[in-house]
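All ligand and atom numbering here is 1-based and tracks the order in the structure.
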Amino acid sequence: MTPSESPVQPVSGTFPDVYLHDTMQRRKVKFEATTPGRVGMYLCGPTVYSDAHVGHAKKEVAFDVVRRYFTHLGYQVRYVSNITDVGHLQNDSDDGEDKIAKRAALEQLQPMEVAEKYFWSFMDDMARLNVLRPSIQPRATGHIGEQIELIQELIARGHAYESNGSVYFDVRSWPNYGVLSGRKLDDQEEGTREEVRSEKRDPRDFALWKLAEPSHIMRWDSPWGQGFPGWHIECSAMSLKYLGEGFDIHGGGLDLEFPHHEAEIAQSEAAGHPFARYWMHNNMLTIGGEKMSKSKGNFTTLQDLFKRLDPMVVRFLLVSSHYRSITEFSDDAFVSAQNGYKRLTDALQEVERRLKDAPQHDDSALLAKVQAHRDAFEKAMRDDFNTPEAVAALFGLTRDVNAALSGTVGHAGLEAAQAAYHELGGAVLGLFAEGQAAAHDDTAKLDTLMELVLQARQSYRINKQYAESDALRGRLAEVGLTIEDTKDGPRWKK
Ligand SMILES: Nc1ncnc2c1ncn2[C@@H]1O[C@H](COP(=O)(O)OP(=O)(O)OP(=O)(O)O)[C@@H](O)[C@H]1O
Ligand SMILES: [Zn+2]
């Protein structure tokens, strides 16, 4: 496989030092770009077979912030994140049911319809969370050729073998297997069906290509017959294709460190392609102390959550904890996120309101304070993207801005405060999408308004004025607002 990277030119300029926690070295290290001024990042994206939950959002938001911060520092960032639309098998051991096919049977859809449906649902959720679109979002099914080519290279170099129409990576042939997770080969276990075990030279060998059973719908021609790629190979093929060998940063959830990322490294480097230079992993979003996950069934989809919470509050909650820390999902956490976010947006709105008609005033004291909070924000971000401390800097800013707003503030002070909110809270943390502060305010107003409407409707009903009550409901339906009567009383929905 030829990584199709055309040579990229360095970007001139000076770039402040950024330290990040590299999983491979298990410590914070100074980031050095392969090409000065450019950052190539790859993030393992979603398998599109169900709606995204809040845990997925933690990962997407974490790496979106990393990308945004490098951009803020002046780097040209190429952000590649894949879409897994090949149905992979239910468990990691090359065994079990195909997740997309299983969903397709359940929903009476074609597997590709499932992938398409949940791809767009994921994109909508991410847009609402103000996650920037990747520079390139390659789909696994669009890169079968590249995956086959990489597998052929591995066979040619003696690191993979064919068995019954499937191809496996030969872990014994690659002493570096375990380099990321620190696992010794002998400690690794693999519980696999006997039939699959017997195809492998070693039970820990992982599939690069799987022979398709007659019932398997998603299948492609290959030198080994009709089949489909293994779970790990797409990420190697697509990251190398779009970012080139030795690209800068590879990210993903901590649960992917082994086996997924270990396998990505082995199959890329054994084929002769130096892989990612830094590895970053986000910790988990938990509920009641347990990882939120589809298989445990303890998840809340983003779509459900957005019915009761502004997506920006969800984002605020996520950036308020560090990407390497556990984030506990609870109602209390949301209440405090709601309050915290409102403090920021209220101050920003007041600054913007006052800017329209700002008096002449000496703002030097406020200007110095704004600068100090900016410095604190940058220092936190350069230290492994410490977003909770960066958020604390925004609160510090808000405290000083509110104090200043209780007296006279001139144009320069207001403008400096506004710029700090937009550049740090907005561009870097992604908390104020264009017009977001105003939209947040509108949402709050709509909530109040609808509460009053529901009360009015209740009194119509108590007074048996059913025609009026129905008319009210009908009029709201015309503008897309529905009222539902539930056992807990009436509810409204957009
Ligand atoms: N609770 C979570 N917190 C943080 N990241 C998560 C969480 N759940 C999933 N992710 C990340 O999202 C990506 C895809 O997750 P995946 O589709 O396997 O979801 P899942 O809910 O864990 O599913 P399953 O339970 O079937 O394994 C992975 O990189 C994973 O690390
Ligand atoms: Zn991956």
Under 2.8 Å from the Zn ion (ligand 2), is there any N, O or S atom belonging to His261?
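No, since none of the N, O or S atoms of His261 sits under 2.8 Å from the Zn ion (ligand 2).
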
Phe228 ring center near His216 ring center (under 6.0 Å)
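Between Phe228 and His216, the centre distance is under 6.0 Å.
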
Which of the atoms in ligand 1, numbered in the order shown and given with their element, are less than 4.0 Å from a heavy-atom of [X]?
X      : value
Met284 : 2 (C), 3 (N), 4 (C), 5 (N), 6 (C), 7 (C), 31 (O)
Met292 : 1 (N), 2 (C), 7 (C), 8 (N)
Leu256 : 28 (C), 29 (O)
Asn283 : 4 (C)
Asp255 : 30 (C), 31 (O)
Tyr49  : 26 (O)

For [X], is at least one N or O under 3.5 Å away from an N or O on ligand 1?
X      : result
His56  : yes
Ser293 : yes
Gly45  : no
Leu254 : no
Lys58  : no

Between [Y] and [X], is there a cation-pi geometry (under 6.0 Å to ring centre, at most 45° from the normal)?
X      : Y      : value
Arg78  : Phe247 : no
Arg183 : Phe258 : yes
Arg201 : Tyr168 : no

Which N, O or S atom of Glu264 lies nearest to the Zn ion (ligand 2), by name:
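For Glu264, the N/O/S atom sitting closest to the Zn ion (ligand 2) is OE2.
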
Name of the His260 N, O or S atom nearest the Zn ion (ligand 2)?
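Output for this pair reads NE2.
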
Residue pair Glu264 / Ser236, side-chain donor-acceptor N/O under 3.5 Å
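Glu264 vs Ser236: no donor-acceptor pair found between side chains.
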
Rounded to the nearest 0.5 Å, what separates atom [atom1] in [X] from atom [atom2] in [Y]?
X      : Y     : atom1 : atom2 : result
Leu424 : Tyr69 : CG    : OH    : 9.0 Å
Glu60  : Ser81 : CD    : OG    : 5.5 Å
Leu132 : Asp64 : CG    : CG    : 4.5 Å

Location of contacts on Asn282 toward ligand 1, heavy atoms closer than 4.0 Å
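For Asn282, only side-chain atoms sit under 4.0 Å from ligand 1.
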
Touching ligand 1 at all, His53? Heavy atoms, strictly under 4.0 Å?
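Contact check His53 vs ligand 1: positive.
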
A side-chain contact here means heavy atoms from C-beta on lying under 4.5 Å apart; do Pro259 and Arg204 qualify?
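SC-SC contact between Pro259 and Arg204 ruled out.
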
When you measure from the side chain of Arg139 to the backbone N and O of Asp85, does any donor-acceptor pair fall under 3.5 Å?
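Not a single qualifying donor-acceptor pair exists.
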
